[in-house]
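Residue numbers start from 1 in every chain, and the chains themselves are labelled A, B, ... in the order their sequence lines are given, proteins ahead of strands.
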Number of protein chains: 2
Amino acid sequence: MKRRILLLSVFAAGLAAQSFTPTNPSALAARRWREQHERVIVDEFVTLLAIPNIAADRANIQRNAETIVAMMQKRGIASQLVSVPGGNPVIFGEMKTPGASRTIVFYAHYDGQPLDPKEWATPPFTPTLRDKQLDRDGQVIPLPAPGRPFNPEWRLYARGAADDKAPIIALLAAVDAIRAAGLKSKSNIKFAFEGEEEAGSANLEKTLAANKELFAGDLWLMCDGPLHQTRRQLIAFGARGGVRVDVTVFGARGELHSGHYGNWAPNPALLLAKLLASMKDDNGRVLVEHFYDDVEPLSTTEKRALAEAPDIDSDLMHEFWLGATEGGGKKLTELITLPSLNIRGMASSRIGNQASNVIPASATATMDVRLVKGMDPQRTAQRVIDHIRKQGFFVVDQEPGAEVRMAHPKVARVASSGGEAATRTPMDLPISQEVIRVVESARGPAVKLPNMGGGLPLVSVERPLGTHTIVISIGNHDNNQHSYNENLRLQNLWDGIELMAALLSM
Amino acid sequence: MKRRILLLSVFAAGLAAQSFTPTNPSALAARRWREQHERVIVDEFVTLLAIPNIAADRANIQRNAETIVAMMQKRGIASQLVSVPGGNPVIFGEMKTPGASRTIVFYAHYDGQPLDPKEWATPPFTPTLRDKQLDRDGQVIPLPAPGRPFNPEWRLYARGAADDKAPIIALLAAVDAIRAAGLKSKSNIKFAFEGEEEAGSANLEKTLAANKELFAGDLWLMCDGPLHQTRRQLIAFGARGGVRVDVTVFGARGELHSGHYGNWAPNPALLLAKLLASMKDDNGRVLVEHFYDDVEPLSTTEKRALAEAPDIDSDLMHEFWLGATEGGGKKLTELITLPSLNIRGMASSRIGNQASNVIPASATATMDVRLVKGMDPQRTAQRVIDHIRKQGFFVVDQEPGAEVRMAHPKVARVASSGGEAATRTPMDLPISQEVIRVVESARGPAVKLPNMGGGLPLVSVERPLGTHTIVISIGNHDNNQHSYNENLRLQNLWDGIELMAALLSM
């Protein structure tokens, strides 16, 4: 269902690929290696992309996992599949470094978003090279002959090309490059590749909790998500959490004729409208009492990072056809460090020419609340429910019957689900600062955000293992992830290999 | 689409059939006639109900019209079909009374609501007798042998049984009864049976305007609609008008990820909620400026009639499972003499498990405004549009493009359609008072309302002909009109024959 989300297909239209020459020796070694092995790297990528990877397709998930394990073992990386009953396997791999005192774990996921093949220009599991973006009339081209270079603006189309098999291939190529150059890591390295991130990571925490020693590390680098819209490297030190709230308010037990009963029978669509309107002011500030109470303030370093982040707000407004934004003038990068309350959808009876001359029987809104560090999902959901009560609603958690509805002027059914807390790794930590230095030595000045606006299963890692997480991305921002025609720009893979080589050498 | 409307199937469960002995000689004559001709009357009814009567089905509409004309001509009633290009025929009939100085026109319609046969317990055009209501486990029974009486609580199931072929059959039987008794009318009598009322009476006004002399009358008795829920006779002296207003408000040009952009990109569902919330206060009073300015106040007689109308509000609340009503304690019968603003439906993106983690791209509400006498549909729609502007929206009447949307913080597309004015015939008119006397002499104390809450094509009659209209009903209130399993309780037909006989003799 996420495929309708507007994608930034034309946002960075004018941007040239950044040409940054790494100062990091491993990144430089990776560049040399890649220039000589482009076809081999792409062939390995194509092999992996050709295996369907929807989380619910257990047989193919297993094939993916075994293929990746074989790729790791070919390189002598000790690896195994780890799972809990009912869960897809997490691929574990390890490269020990004698004398190293710390361990860095590289996370990626090999499953992909569910899809409808009919929406794809070419089959999602037939990796297809195009000479440019499909939206710009990109044509299908064959892989170049071995030894011939790839144009870095070419794109490889397949489910998982960007989200999130690319980091796996980049890591494996980076391992080859480092070894070929005789370079070494300063840390122990572990790999953890999940097989059901797009299905909600339902078993990740359980799997890690059951295998704490195996997955222990001083830092998890979460290799997922796209670069910043400016094509600069993005380092996000956290993610927002979230909790979903569904509200249904009720009118009569069935639809009523709006002529016979209009302005006598209460209209649940209006009741819902008034309730929703009470939740936010015109600047988008949430009016639910105590909503912001537990928000952990940003540190000086985090505030500075926000101030340094590129201001793309007016470009985004143009891209999205917006004449205004919420937040009283605050920038997007700052606003996503605050919690949000969003109406995902709203419905009551029918609209337009499908509408009848009725007073609807009920009205429903599905909302998501995005949380930031310090906020508890259940407590926040309870505050929303308290707010609904304060608006005069009798709140129930099941479909209310006649007695309940006749006993109260306003009745709302409220259900909250899917609570996940937010995390934010302090940017001031020595290891955070080291990651920034290493990333920038490989990729140039990075955009550093205290947290992403969206969610990632960071808590599922931090909670069982007591570790820190930092999100590192390599995909192009216009990769159509979660949609049809997902693709990776080859330059992003090349850059990703250099980035991973630098991080593997930390 | 009207079939989902909640029906009053059990409201009058405890009511016994009223046994009122008419004081009106024509009504008494009709009772005697009916008691001797029940089977013949029902046979004629069944013949008519067996002809499908959906307005769009032109061939069958023609068959209906010709069948009714034949029934009239068999009785020597001069009749003809009158139509305008593209319209279904209006059946015209006339019985002149020598020396009469006034003309009364009896209106009914022979078309029925569109339907889905799959929803019906028995085929809608196979008239089926049941020993009681289907909802009360009524079983199919054969017609009794000629000469054997019908149980008046039996019900005849077919599309049009109540709405609105019953008055046609009642009128024809009443004509037979009056003649058999040697009674006469004091007025010239005309009949006008429409063939597309359920399709919105699109051609009625045109047809009457093109044939003013033919259809001229001092009073049109609009024989349509059900009795009062208490089973008392209903006389409604008008109907509310209406105008539809569709509003769509816009966010980004597509759905946005609620994590990445939540509390930065404006949410159109919230904008719509705030807009709708601004339109009515918590008592249901419409806050649109000047909304009530043109409402023509009720006369003393009309107010008295309202005060005398039965108070069924608490019964209705129980029936509908309502814990409150709008209107600050005013009764339903009074509230429907005021204009209303009602949300028919509301939609934005998707809800529940269909919802995505998005900020919707747009949000739409379809509203209906019910008008009372004095209000102009277009002026009222304009006042709603002015209100939307006052809430800060730039209002357009077409899908707005990028430039418009980027130039304004809030943009709403608003379309109004289907405006029809309300009418209300003064209850003080001598002819109004005469109708009340005649009806009550045939049917006992009636419920008299200044207007119905819903709409009827009264303006389409009054405007071209400069006449008055009064609405007289005969169907049971629980007739499932506009829904599946429409039915007529036989006692209502018997009573209707007596009522029509009395009115034909006016």
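With chain B as partner, the option from S417(A), G251(A), G284(A), G454(A) having the largest number of non-hydrogen pairs under 4.5 angstrom is G454(A). Counting heavy-atom pairs closer than 4.5 Å to chain A, the top residue among K331(B), M452(B), R244(B) is R244(B). The residue among G453(A), S278(A), A361(A) with the most heavy atom pairs within less than 4.5 Å of chain B is G453(A). Top candidate by heavy-atom pairs under 4.5 Å with chain B, chosen from G392(A), A363(A), S349(A), G327(A), is S349(A). Taking N267(B), T248(B), V404(B) one by one and counting their heavy-atom pairs under 4.5 Å with chain A, the maximum is reached by N267(B). In terms of heavy-atom pairs under 4.5 Å with chain A, the best-connected choice from G323(B), A324(B), G242(B) is G323(B). Ranked by heavy-atom pairs under 4.5 Å with chain A, the list L275(B), I359(B), V411(B), I351(B) is led by I351(B).
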Can you list the steps and then say if R370(A) with S258(B) is a side chain to side chain contact (heavy atoms under 4.5 Å, CB included)? CA-CA 8 Å; R370(A) 299 277 174 174; S258(B) 66; 2.8 Å; yes

Please walk me through it: do Y261(B) and L335(A) pass side chain to side chain contact (heavy atoms under 4.5 Å, CB included)? CA-CA 9 Å; Y261(B) 300 105; L335(A) 287 168; over 6 Å; no

Could you check R253(A) against E319(B) for side chain to side chain contact (heavy atoms under 4.5 Å, CB included), going step by step and ending with a plain yes or no? CA-CA 9 Å; R253(A) 69 178 167 88; E319(B) 170 71 12; 3.0 Å; yes

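Heavy atoms closer than 4.5 Å to chain B are found in both the backbone and the side chain of D313(A). At a 4.5 Å heavy-atom cutoff, the contact between D368(B) and chain A is made by side-chain atoms alone. Of the atoms belonging to H260(B), heavy atoms from both backbone and side chain fall under 4.5 Å from chain A. Contact annotation for N342(B): both backbone and side-chain heavy atoms come within less than 4.5 Å of a heavy atom of chain A. Of the two parts of P268(A), neither the backbone nor the side chain holds a non-hydrogen atom closer than 4.5 Å to a non-hydrogen atom of chain B. Heavy atoms closer than 4.5 Å to chain B are found in both the backbone and the side chain of R405(A). Contacts between R240(B) and chain A at a heavy-atom distance below 4.5 Å involve the side chain alone, from C-beta outward. Only the backbone of D281(B) comes within contact range of chain A, with at least one heavy atom under 4.5 Å from a heavy atom of that chain.
When every heavy atom of T366(A) is checked against every heavy atom of G352(B), the shortest pair comes out as OG1-N, 2.7 Å. Nearest approach of S340(A) to G262(B), heavy atoms of both residues: CB-O, 3.6 Å.
T325(A) places no side-chain N or O within 3.5 Å of a backbone atom of A265(B) that could act as its donor or acceptor partner. Counting only distance, with no hydrogens or angles, the side chain of K274(A) and the backbone of K274(B) share no donor-acceptor pair below 3.5 Å.
Put simply, CG on N263(A) and CG on L338(B) are 6.5 Å apart, with the number rounded to the nearest 0.5 Å. Rounded to the nearest 0.5 Å, atoms CG (D246(B)) and CG (N353(A)) are 7.5 Å apart. Here the CE-CH2 distance, from M317(B) to W264(A), works out to 6.5 Å after rounding to the nearest 0.5 Å.
Between I343(B) and S348(A) there is no side-chain heavy-atom pair separated by less than 4.5 Å.
Test M367(B), M346(B), E326(B), M279(B) against L270(A) for side chain to side chain contact (heavy atoms under 4.5 Å, CB included) and you get one pass: E326(B).
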